[in-house]
Structure formats: C-alpha cells, structure tokens
2 protein chains.
Amino acid sequence: MLGRMGDKWTIMTIAMLVQRPTRFNELKRMIGGISQQMLTRTLRSLEGDGLVLRKVHPSVPPQVEYSLTPLGQSLAQPLLALGTWVMDNMGAIQSHREQIGTPPVDENLAQGVRHRPRQRG
Amino acid sequence: MLGRMGDKWTIMTIAMLVQRPTRFNELKRMIGGISQQMLTRTLRSLEGDGLVLRKVHPSVPPQVEYSLTPLGQSLAQPLLALGTWVMDNMGAIQSHREQIGTPPVDENLAQGVRHRPRQRG
DNA sequence: CCGTATCCACCATGATACTG
DNA sequence: CAGTATCATGGTGGATACGG
C-alpha cells in the first residue's frame, strides 16, 4: 500500500472508481496506457488493503466489477485533493523547471558509468 | 516531481520542512533512515520543482538551510492530509491484510523465475 | 472477458569513498 | 557540515503467452 500510495496508476484507478463501480477492461480503457498486468497488480494491491471490492458477476462472459470500499472512499478524498493540486500546479512547476533549465525528468541525477571502478578497499 | 510525489522520503521531507526551515543534517536526523544521497536527491528534486528553497549561509562550517517556498507550502496541505490518512488507517489496512492472510508486501506478486523461457516467436 | 505465469530491462536506492 | 562520484542490486513495470 505505502509503496503504491503515490503510484500514478493507483491514483488513476481510485479516481476512476470513485465515480462509479467499473469493470476491468473499461477501467483499463479509461485509465489509458496501463498494462493489463499492472492494472491487475494495482487492483489486487488495493483489494488486499481493503480499499477496493472485487465482485464477480456469474455471467457467460466473465464480468468482474470493482468498487471502492468505505475505506477506499475515505482515501479518495485526500488522494484526489493531492491529484488536483498536481494538475493545478503542474504548469507552475514546469515553468520553474524551464526557467532554471532543468529537464523535467531526473536525468541529471541518473547514474553515469563512465569508467572502470577502482578497487574498493 | 510526479515520480517523487508519493515517495515517502518526499512526504517526510516536506513534513519536516513545513514546521520550520531546517539544515541538511538535522533534516537527515529528523527523517531518520534516509541516506545522505537520497536526501540530497529529494531536496534537489523539490528545489528544481520550485517547492523548496535552498539557502547557503556563508559561515565557517558550511550551513545550508532548506525551507518551503509558497508553492511548497501549498503542496504541504494536501500531501500531509494524505500522510495523515495513511497514519490513521494503517492499522485498519494491516488488520485487513492479516484477516485475508496476505503479507503486507507484494511477495505473492513477485516474479518467480523457475524455468527457462521458451523462444519468443 | 478477466485474469495469471514468466521473463526482462531499467532505474531508484543504498553504501561507500572522496571533496571543500 | 554538506555534497558529489561511483558502483551494485533489487524491485517495478512492460510484454507476452497461456488458462478458465
């Protein structure tokens, strides 16, 4: 949970589910760009934490509907508040990055292996 | 930024800085468990996003003080609300995990390499 | 349709040593 | 004290194939 807390897929998933219960593939389409595997992992994680309820409708094509539990709904509020802040301030942040000439990704912090290591003593 | 948004170190760092401007090593002690490298990266990232201000006091032992910018302070509110939610509900989540017998980590989802892959075709 | 199993590439993080 | 440089490693997420 804590690991996935700030994960964008988790935020997106909860943002979708807070609107209404949704089926797997619809969720996948709505979120967009998430792999099936990742959506499954995210949902299983949320389910394991008791934030999401998984309901299987016994129909000929399998239908599985996901919804937020009360606990999940209580999380949605602060989580989406954070998401809203990010959306609102993303422009300001990017403007700042451009001013200081820093790329929006942490490439400058990436490791650069340039020569052989020396022996550690 | 978005990458570090939900990062626990980022949350911890902002939680410390929202109280008062703090120096590097004091920050490191207060947060606890963070490596020097990671704290530096977190602060640089926040600084690059315009959320944290870095101020060098020209003194004999180098003194660098970090503080939140107004933008950073505006982030602190929703971010700490989220942190508070986690603290408040961590118990409920762990209880749920124990009930369903799932370990708190995603070990069950970890990759298991058991045999050679077959040729991809 | 709704998943699980498997493999892999990448990068985030920790540890350590070094600098000023 | 505050930070940078360097390397090893483990976890995260993608892709794909398969199963019910």
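Considering every non-hydrogen atom in both B/L68 and B/Q73, the closest pair reads O-NE2, 3.5 Å. Residue B/D49 comes nearest to B/L71 through the heavy atom pair O-CD2, 4.0 Å, listed as atom of the first residue, atom of the second, then distance.
Applying the 4.0 Å criterion to OP1 and OP2 of D/dC1, one finds that B/Y66 has every side-chain N and O outside that range. Listed pair A/R54 / C/dG3 meets the phosphate criterion, a side-chain N or O lying under 4.0 Å from OP1 or OP2. For the pair B/R44 and D/dT4, the criterion of a side-chain N or O lying under 4.0 Å from OP1 or OP2 is met.
Residue A/M38 contributes atom CE, which lies 13 Å from atom P of C/dT4 at whole-angstrom precision. Rounded to whole Å, the distance from NZ on A/K55 to C1' on C/dC1 is 19 Å. A/L27 has its CG atom 10 Å from the P atom of C/dC2, to the nearest Å. Atom-to-atom, CG of A/L39 to C1' of C/dT4 comes out at 14 Å; the value is rounded to the nearest Å. In this structure, CG of B/D7 is placed 9 Å from P of C/dG14, rounded to the nearest angstrom. A/I34 places its CD1 atom 14 Å from the P atom of C/dC2, with the value rounded to the nearest Å. To the nearest angstrom, P of D/dA15 lies 10 Å from NZ of A/K28. Rounded to an integer number of Å, the gap from CD of B/Q63 to P of D/dC1 is 10 Å.
Taking only distance into account, the side chain of B/Q36 never meets the base of C/dT16 through a donor-acceptor pair shorter than 3.5 Å. Contact annotation: side chain of A/Q37 to base of C/dT6, donor-acceptor pair present below 3.5 Å.
For A/T40, the listed nucleotide lying nearest its side chain is C/dT4; candidates were D/dT4, C/dT4, D/dG13. When the nucleotides D/dA2, C/dG3, C/dT13 are ranked by their closest atom to the side chain of A/V64, C/dG3 comes out on top. Among the nucleotides C/dT13, D/dA2, C/dT6, the one closest to any side-chain atom of B/P62 is D/dA2.
Each of B/L79, B/I31, B/V86 was checked for a side-chain contact (heavy atoms from CB on, under 4.5 Å) with B/I11, and the lone residue meeting it is B/L79.
Annotation: proximity of residues 16-24 of chain A to DNA chain D (heavy atom, distance under 4.0 Å) is found for no residue.
Within 4.0 Å (heavy atoms only), B/P61 reaches no atom of the nucleic acid at all.
With contacts defined as side-chain heavy-atom distances shorter than 4.5 Å, the pair A/I34/A/K28 qualifies. For the pair A/L82/B/L75, a side-chain contact is recorded, criterion being any heavy-atom separation below 4.5 Å from C-beta on.
Tracing side-chain contacts under 4.5 Å through hydrophobic residues (I, L, V, M, F, W, Y), one never reaches B/M87 starting from B/I93; they form parts of separate clusters.
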Would you give me the side-chain donor-acceptor pairs under 3.5 Å for residues 14-25 of chain A, sequence neighbours excluded?
residue: A/Q19; atom: NE2; partner: A/A15; partner atom: O; Å: 3.2
residue: A/R20; atom: NH1; partner: A/E26; partner atom: OE2; Å: 3.2
residue: A/R20; atom: NH2; partner: A/E26; partner atom: OE2; Å: 3.0
residue: A/T22; atom: OG1; partner: A/R20; partner atom: O; Å: 2.8

